[in-house]
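Notes for the one structure printed next.
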There are 2 protein chains.
Amino acid sequence: MIEVAKHDTIGDTAYRNIRNDIIFGRLKPSERLRLEPLRRRYNVSVTTLREILNRLTSDGFVVAEGQKGFEVAPVSDSDLREVADLRILLECHALERSFAQGDLDWEAGVVAAYHKLHVLEKQMMAGETSVRENWKNADWQFHRALIGGCGSRRLMELHGSVFDKYLRYQMLTLTFRGEKAAAEHRSLLDAALAHDAAAAARVLRDHILGGVEHSIANREPGKK
Amino acid sequence: MIEVAKHDTIGDTAYRNIRNDIIFGRLKPSERLRLEPLRRRYNVSVTTLREILNRLTSDGFVVAEGQKGFEVAPVSDSDLREVADLRILLECHALERSFAQGDLDWEAGVVAAYHKLHVLEKQMMAGETSVRENWKNADWQFHRALIGGCGSRRLMELHGSVFDKYLRYQMLTLTFRGEKAAAEHRSLLDAALAHDAAAAARVLRDHILGGVEHSIANREPGKK
DNA sequence: ATAAATAATAATATAGGAAATTTATGAACT
DNA sequence: AGTTCATAAATTTCCTATATTATTATTTAT
């Protein structure tokens, strides 16, 4: 989800771990993040931990209130819909740019990413839930490959942060959307190779909104 | 630019100060941010300062490299164009939502914000450059008021972060765009009261792109 | 002049503790 | 019983001091 830099510090590593733990639900929504226990869990000092939590606060994965400390960002259906709406807006826009400018290297990248995703989807459909994180990673890579030719660093950055928030909601749901999502990915690949941005946008919209409804229908109990 | 919370800590205050100093150009693009000098300047400890710089890094106003420390995010024409493109995308989208849902309170808010902006624009045109920051603040408030009825917290948040990056580029330019921008603001007000989102979007697009070209033509020397 | 070795500088990370604030506990009161 | 208030405990915020590590500048040797 986040690129691994060459020279990363202890803080960078722990940052990625905590961020992933939020996205993949190992740190639950609205969970209080007490410094001392967390410090132990991630093997860093309080100082370093606070730096990390400050970053995550700006990222929107953690909320900080007054001197009450930090907690994991809460979730809600309305927020999910907002996130999905933004993802559609940004990703469709990027798709258009990318399809217009994408060259052969870009196409190759898309095909490669699709292949990986496809294999993992088949494994998921066969019931191998152990590859859940790998599969979601491949999903991320495929969508990123599609928009990779958009030519705007800022757009990619913004899309990444929105995508990860959407992804978090997906990971909070128990079941696998499966065949429908897989078929949509296939359609996206076809549209990409045909450089048909309008078709891709239509599919993507359904793809994302379908994910939202699936997510709300199959959410973990106790969340609202 | 950032709302002042009731219970803010020393860190929050210094964060706002540093952020504003970057946006308003008192901390120059690509300037190295040495911890010790900065610590003195903002009257905080290194620990707190690092927390702040970490937040600003996630915000995109500061870049951190390996263990080489922090520096103010660089600027470039291409980045400005990317930022502007995103602002158009997000703000037009928000405008549409806002115009469709905006009630009488929303209209009143827009009128009020326009009035303040209008007065400050006249002062600027009369040569009172001392109100520069107030004027830009009013500009911010007006644009925020226009989209304030969009009903999406996430969209508002994202727009805010993009707007501030655009604003930074505006503050790096020496001259005032004046009458043209003022006329566009007037058109936006009219479109808002008529709830004509399409017209507003057209004006906004010109408004932003006009700002970009003005900014590039009148940038401070020594920047690229 | 180039490359390797060394010294100086600065950033990262930890520990420990003081001040301030929130949260928990229990007694007194309506 | 439920609320209010005061006190105690826990926690966060913030600082100083210090060790470690990486980068940058300087010197030395080839």
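Throughout, a chain's letter reflects where its sequence line sits, starting with A, and its residues are numbered from 1.
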- Item | A:R81: partners by salt bridge (Lys or Arg N to Asp or Glu O under 4.0 Å), with sequence neighbours left out |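 A:R81 satisfies salt bridge (Lys or Arg N to Asp or Glu O under 4.0 Å) with A:E213 only.
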- Would you say A:F70 and A:L38 make side-chain contact, with heavy atoms under 4.5 Å?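 Counting from C-beta outward, A:F70 and A:L38 never come under 4.5 Å.
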- Task: Please identify each residue that fulfils ring pair (Phe, Tyr, Trp, His ring centres under 6.0 Å) with A:H159, with sequence neighbours left out.
- Result: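 For A:H159, the residues satisfying ring pair (Phe, Tyr, Trp, His ring centres under 6.0 Å) (neighbours in sequence not counted) are A:F163.
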- Task: List for me each residue that meets ring pair (Phe, Tyr, Trp, His ring centres under 6.0 Å) alongside B:H115, sequence neighbours excluded, and say none if there are none.
- Result: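 So B:H115 forms no ring pair (Phe, Tyr, Trp, His ring centres under 6.0 Å) with any residue.
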Using atom names, set out every protein N or O paired with an N or O of nucleotides 13-16 of chain C below 3.5 Å, distance rounded to 0.1 Å.
from: C:dA13; atom 1: OP1; to: A:T9; atom 2: OG1; distance (Å): 3.3
from: C:dA13; atom 1: OP1; to: A:I10; atom 2: N; distance (Å): 2.5
from: C:dA13; atom 1: OP1; to: A:G11; atom 2: N; distance (Å): 3.1
from: C:dT14; atom 1: OP2; to: A:S45; atom 2: N; distance (Å): 2.9
from: C:dT14; atom 1: OP2; to: A:S45; atom 2: OG; distance (Å): 2.8
from: C:dT14; atom 1: OP2; to: A:T48; atom 2: OG1; distance (Å): 2.7

Rounded distance in Å - [atom1] ([X]) to [atom2] ([N]):
X: B:L35; N: D:dC14; atom1: CG; atom2: C1'; answer: 16 Å
X: B:I52; N: D:dC14; atom1: CD1; atom2: C1'; answer: 11 Å
X: A:K68; N: D:dA10; atom1: NZ; atom2: C1'; answer: 16 Å
X: A:E71; N: C:dT23; atom1: CD; atom2: C1'; answer: 14 Å
X: A:L33; N: D:dT12; atom1: CG; atom2: P; answer: 9 Å
X: B:E36; N: C:dA10; atom1: CD; atom2: P; answer: 10 Å
X: B:L38; N: C:dA11; atom1: CG; atom2: C1'; answer: 14 Å
X: A:R32; N: D:dT12; atom1: CZ; atom2: P; answer: 6 Å

- Identify, residue by residue, the members of residues 54-63 of chain A with a heavy atom below 4.0 Å from DNA chain D, and return them in order of residue number, or none.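 Output list: empty, so none.
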- Item | By side-chain hydrogen bond (donor to acceptor under 3.5 Å, both in side chains) - contacts of B:E51 (at least two apart) |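 Partners of B:E51 by the side-chain hydrogen bond (donor to acceptor under 3.5 Å, both in side chains) criterion, ordered by chain and then number, come out as A:R50, A:N54.
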- Carefully, step by step, assess A:D59 and A:Y15 under the rule side chain to side chain donor-acceptor pair (under 3.5 Å). CA-CA 11 Å; A:D59 288 343; A:Y15 167 75; 2.3 Å; yes
- Any cation-pi pair here, B:K116 with B:F142, using under 6.0 Å and within 45°?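 The answer is no, since B:K116 fails at least one limit relative to B:F142.
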- If you round to the nearest 0.5 Å, how far is CD of B:E107 from CG of B:L146?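 It comes to 11.5 Å.
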- Cut-off 3.5 Å, side chains only: do B:D12 and B:T9 have a donor facing an acceptor?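 Indeed, the side chains of B:D12 and B:T9 share at least one donor-acceptor pair under 3.5 Å.
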